[in-house]
Amino acid sequence: MESWELIVIGAGAAGLAAGIYGARSGLKTLVIDEKMAGGTAADAPIVENYPGFPHITGGELAQKMALHCKKAGANIHEIETVTALDLTSEQKIVKTTRREYEAKSLIIATGSHYREIGVKGEKEFRGRGVSYCGVCDGPFFKGKRVLVIGGGNSAATTTLYLSGIAAEVLMVHRRGAFRAEDALVKDVDSKENVQIFLNTEVREIKGNKLVSAVVLYDNKANATKEIAVDAVFVQIGEAPNSQIACEAGLEVNEHGYIKADVFQRTSVAGVYAAGDVTSHPAKQVGTAVGQGITAALEAYGYIRRPYYRR
Ligand code: NAP
């Protein structure tokens with residue numbers, strides 16, 4: 001069994017920040033991710049609110065963070081899935097699809113996954129016109145008519161990104177007001193090829209082999225209509241990737257987010273949680289980074305017990 005001082009599970013913004021601080025503190029640090037490093041921030045078409053970067057793509061920002069983490073001295077294992085945790089003894093055991101590790105301390109930064117709207121056609125056409133990532137799939141719909149569902153920052157940034165690729169973008173939100181930041185809403189409003197549908201719900205996604213139409217329900221006018229579209233981008237928020245943590249006995253809140261205090265401590269000593277998997281209300285790259293840093297500093301204190309922490 002391989003031994004590490006600190007294992008960080010998840011290489012998104014929180015995990016990479018934790019990796020940087022863990023390694024720079026001198027801890028033998030491993031960061032593991034089931035995908036490539038970067039997390040969901042890497043899918044963000046545009047990031048304009050991470051201090052120091054007035055305009056950067058999520059992909060570029062994620063790449064810079066991963067490189068920084070490696071340079072700091074952390075090991076990053078990509079495409080390696082954690083299958084189980086054993087947190088019952090002082091040495092924490094991490095089982096993955098490749099091997100088994102032990103560590104003195106763990107930071108869980110497994111992030112979240114895209115939520116589905118749960119309408120007819122969504123599952124059937126996933127990957128055939130239904131997408132959850134504008135950056136990944138937008139370029140397939142150059143010059144086409146696409147639809148974005150949601151009223152938050154993800155829906156707004158995806159709409160902006162797609163407005164530069166597609167001929168026409170329809171943005172559909174179930175309420176009369178957006179949750180997205182004012183600045184983004186203003187940008188969306190200013191795009192000539194964007195059409196906004198408020199108080200509107202997507203009831204069904206239709207097609208043959210590929211998506212060809214949606215059924216829209218206007219919940220104010222109580223009217224239903226079918227509109228031709230080539231793609232549907234679902235941007236309605238996220239749910240936590242906390243299953244492994246739950247199975248290992250970590251406390252989670254009623255929505256499945258891991259409970260962590262201001263020091264990012266979980267219900268098990270030596271185990272910390274950071275980023276979108278936690279119950280912290282602000283799901284931002286900046287807050288994830290801050291939580292990752294706090295978790296790593298706390299893990300350092302827990303492992304090394306320096307004189308100033310005794
Ligand atoms: P969000 O802020 O939770 O917004 C989700 C949106 O989807 C809401 O408008 C919600 O409607 C709508 N929605 C939820 N369930 C729905 C359903 N079943 N059918 C139709 N609509 C539904 O999620 P998000 O936009 O993904 O953002 C998540 C977090 O990441 C936020 O904190 C956000 O600020 C952050 N983020 C930041 C950036 C950036 O700063 N560049 C980019 C992306 C995300 P209601 O409003 O009616 O509830």
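When reading the values below, keep in mind they use all heavy atoms of this one structure, side chains included, and skip hydrogens, waters and symmetry mates. What you see is a predicted model; the values in this text were computed from it and never measured. Both counts, for ligands and for their atoms, begin at 1 and track the order of listing.
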Please produce the table of protein N or O atoms sitting under 3.5 Å from N or O atoms belonging to ligand 1, one pair a line, distance to 0.1 Å.
residue, atom, partner, partner atom, Å
ligand 1, 9 (O), G151, N, 3.1
ligand 1, 9 (O), G152, N, 3.4
ligand 1, 11 (O), R174, NE, 3.3
ligand 1, 25 (O), N153, N, 3.2
ligand 1, 25 (O), S154, N, 2.9
ligand 1, 25 (O), S154, OG, 3.2
ligand 1, 26 (O), S154, OG, 2.6
ligand 1, 30 (O), K283, O, 3.1
ligand 1, 32 (O), Q284, NE2, 3.2
ligand 1, 34 (O), N153, ND2, 2.9
ligand 1, 34 (O), Q284, NE2, 2.7
ligand 1, 40 (O), N49, OD1, 3.4
ligand 1, 40 (O), N49, ND2, 2.5
ligand 1, 46 (O), R179, NE, 3.2
ligand 1, 46 (O), R179, NH2, 3.4
ligand 1, 47 (O), R174, NE, 3.0
ligand 1, 47 (O), R175, NE, 2.4
ligand 1, 47 (O), R175, NH2, 3.1
ligand 1, 48 (O), R174, NH2, 3.1
ligand 1, 48 (O), R179, NH2, 2.6

Evaluate the criterion ring-ring contact (aromatic ring centres under 6.0 Å, His included) for residue pair H173 and F197; output intermediate values, then yes/no.
CA-CA 6 Å; H173 179 38; F197 293 79; over 10 Å; no

For a 4.5 angstrom cut-off between non-hydrogen side-chain atoms, does T110 reach S242?
no

What residues form a side-chain contact (heavy atoms from CB on, under 4.5 Å) with A269, not counting sequence neighbours?
Y302

Electrostatic pair E124:R126 at N-O distance under 4.0 angstrom:
no

Give every residue pair that meets the salt bridge (charged side-chain N to carboxylate O under 4.0 Å, His left out) criterion with at least one member in residues 28-51, sequence neighbours excluded.
none

For K71, what residues pass the salt bridge (Lys or Arg N to Asp or Glu O under 4.0 Å) criterion, not counting sequence neighbours?
none

